[in-house]
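Here is the naming used below: chain letters follow the sequence lines, and residue numbers restart at 1 for every chain.
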Amino acid sequence: MAAFLLRRLIQGGLVVLGVTFTVFVVTRIFGNPVDLMLPLSASPEQRAAFASELGLDRPLPVQFVQFAGELLRFDFGESTWQRRPAMEVVLERLPNSLLLIGAGLGLAIVLSLPAGILAAQRPGGILDRIVTGLSLVGLSMPQFWVGLLLIVLFAVTIPLLPTSGMGSPAHLVLPAVTLALVPFARLTLLVRSQMMEELNKPYIRTALARGLPHRRVLVGHALRNALIPFLTLAGWELVLALAGYTVVVETVFAWPGMGLVAIQALQRGDLFLVQAIVYVVAVLIVLVNILLDLVFKLVDPRIGLG
Amino acid sequence: MTGEPLLSVADLRVVFPTRAGIVRAVNDVSLAVSPGETLGIVGESGSGKSVTAQAVLGLLPLPGRVVGGEILWRGKPFQAHGAGVRGKEIACIFQDPMQSLNPLMTIGAQLVETLRHHARLGRRAARDRAAELLAEVALSAPARRLDQYPHELSGGILQRVMLAMALACEPRLIIADEPTTALDVTIQAEILALLSRLQRERGLAILLITHDLGIVAGLCHRVAVMYAGRIVETGEVDALFARPAHPYTQGLLRATPTLEAQSERLVSIPGAPPALLVPPAGCPFRTRCPIAARPCETLPDPARTETGMVVCWRAGEAAWADIPR
């Protein structure tokens with residue numbers, strides 16, 4: 001167990017290093033950071049001065065050694081856009097993103113389990129058709145449109161909830177629902193098909209033949225066996241959201257999250273802020289994956305921590 | 001066998017409505033099992049023997065439905081007994097022990113779950129009882145087995161575990177649906193010996209579903225032969241094997257290799273069973289029967305034989321005498 005964790009942490013560290021290195025190379029070779037950061041009207045002297053201030057005039061290998069050194073000291077440089085340490089900007093936005101993702105994915109997970117289980121009870125039945133139909137509708141509606149619809153409906157026509165921004169718990173409702181819709185639909189369809197598969201397996205018949213109550217067989221036996229693919233997909237949805245797929249929701253609802261700041265940093269050519277964001281996201285994704293492996297092991301004893 | 005039967009099934013009919021039409025899987029099946037008795041149901045795949053058992057257990061797979069007949073437990077319909085007859089007084093073991101246990105739970109957890117549900121035992125007591133049950137089905141190191149998962153054990157051991165789990169409910173009847181089909185021959189013999197020992201010790205009734213006539217001969221008291229969803233012949237095992245009356249039974253016995261007749265080639269019954277979607281009118285076997293005649297186009301009434309009954313117009317005739325091996 002400890003050996004497994006250590007190994008995965010080292011692997012994760014290498015992944016994060018690889019990602020930061022890639023970002024370093026891409027930003028410095030495939031684009032000129034100075035051109036991105038300074039206005040078009042800047043004179044050649046100003047550009048040279050700026051480049052030497054940031055150390056961008058030195059050879060690439062030297063720059064990389066310096067960059068790696070700063071990384072080790074957890075120094076991500078200063079955001080050229082906000083004029084303060086890049087990591088400070090990231091850490092300020094990160095909790096907002098985690099709150100939105102937690103509420104949205106939490107909602108999707110909590111609702112998809114009963115919906116999928118109910119649908120699987122009678123394949124082709126009324127309930128199954130309703131759940132499957134709604135899921136397909138949810139999957140096919142673009143997020144920005146759903147967000148706008150919800151705003152029109154629940155903030156403008158019926159002024160129940162705030163249209164945008166962050167503050168009270170009420171502010172969280174619409175963005176979370178919008179974010180939840182697609183993962184909910186995907187997870188529900190998965191739970192449904194997995195449960196249908198499990199319910200047809202001989203061990204379910206045996207459990208019923210042993211006289212165990214239906215509900216117990218459903219949750220204690222079938223659902224538990226359907227949990228690994230469910231967790232895999234849920235983990236993937238989480239990674240997707242962390243990687244910035246929340247940006248549409250953040251834009252529609254003016255939610256001050258990481259996705260939004262990442263887009264803005266890219267648009268403004270804020271090299272150091274982009275690097276800091278990518279670094280934090282990479283670390284989070286690595287951690288999520290290690291956590292998932294541990295949960296898998298917990299659910300299925302046949303899975304070894306190899 | 002005398003006395004009131006534990007389980008009696010009368011004129012059972014089961015259908016599976018499908019898009020292509022109604023599949024009549026079980027037609028007018030009647031049988032009875034008394035305490036201490038082993039009734040064998042033999043038949044080819046698709047003859048309706050497993051569906052009959054599933055109907056008795058109330059575990060028909062969708063879209064299967066019982067549309068006729070009655071199933072009585074100790075003289076009364078299941079509803080009159082309340083919940084808990086199926087799975088408590090009637091236990092089952094199935095064909096594939098490797099697939100019949102939850103792969104994510106230890107043997108012990110599944111035994112304890114069953115025991116606690118039926119006997120309302122405490123955790124500790126249930127675990128002790130689980131170990132006792134494993135010892136009863138002749139498993140070595142029962143306490144250690146409790147903490148093992150199904151994937152760590154072999155098919156033979158798992159079938160013993162299945163038996164222990166069946167015994168956990170203190171059943172009066174065990175329905176064994178092809179219990180040894182998935183096992184090695186030597187393991188088969190062990191499981192069958194165990195089954196008949198448990199029957200002697202506990203006075204269990206057993207409903208044994210199989211396609212293996214050797215198992216029937218070794219274990220059963222009476223046997224019912226099923227073909228195309230119908231029982232075509234019943235009788236006491238010895239009498240029925242000595243003097244099979246139905247051409248299908250005769251054909252089955254002829255197709256069974258024996259030690260005495262080593263040099264002969266194996267024979268089979270030509271043709272295939274009819275599709276149950278469009279069953280032929282009259283006797284279902286007439287399409288393959290060597291002595292089918294005019295009257296066979298209508299279904300005969302059951303006729304008494306020495307120890308049971310037969311459904312055939314030409315019962316008792318040597319149907320295969322002129323057919324070369």
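Applying the 6.0 Å contact sphere to OH of Tyr245(A) captures no more than 12 heavy atoms from other residues, nucleotides or ligands. Around the OH atom of Tyr149(B), the shell of radius 6.0 Å holds more than 12 heavy atoms that belong to other residues, nucleotides or ligands.
Side chain of His117(B) to main chain of Gly211(A): a donor-acceptor pair is present (N/O by atom type, distance under 3.5 Å, no hydrogens or angles). Of the possible polar contacts, one joining the Arg210(A) side chain to the Gln110(B) backbone as a donor-acceptor pair under 3.5 Å is found.
In this structure, Ser100(B) and Thr206(A) approach most closely via the heavy-atom pair O-OG1, 2.9 Å. Of all non-hydrogen atoms in Gly220(A) and Asn102(B), the two that sit nearest each other are O-ND2, 4.2 Å.
When side chains are defined from C-beta on, Arg302(A) counts as touching Leu104(B), because their heavy atoms get closer than 4.5 Å.
Note on Arg216(A), Glu198(A), Lys201(A): by heavy-atom pairs under 4.5 Å with chain B, the leading option is Arg216(A). In terms of heavy-atom pairs under 4.5 Å with chain A, the best-connected choice from Thr106(B), Leu59(B), Leu57(B) is Leu59(B).
In this structure, the portions of Glu113(B) lying under 4.5 Å from any heavy atom of chain A include both its backbone and its side chain. Both the backbone and the side chain of Pro103(B) come within contact range of chain A, judged by heavy atoms closer than 4.5 Å.
Taken to the nearest 0.5 Å, the CE atom of Met105(B) stands 4.5 Å off from the NE2 atom of His221(A).
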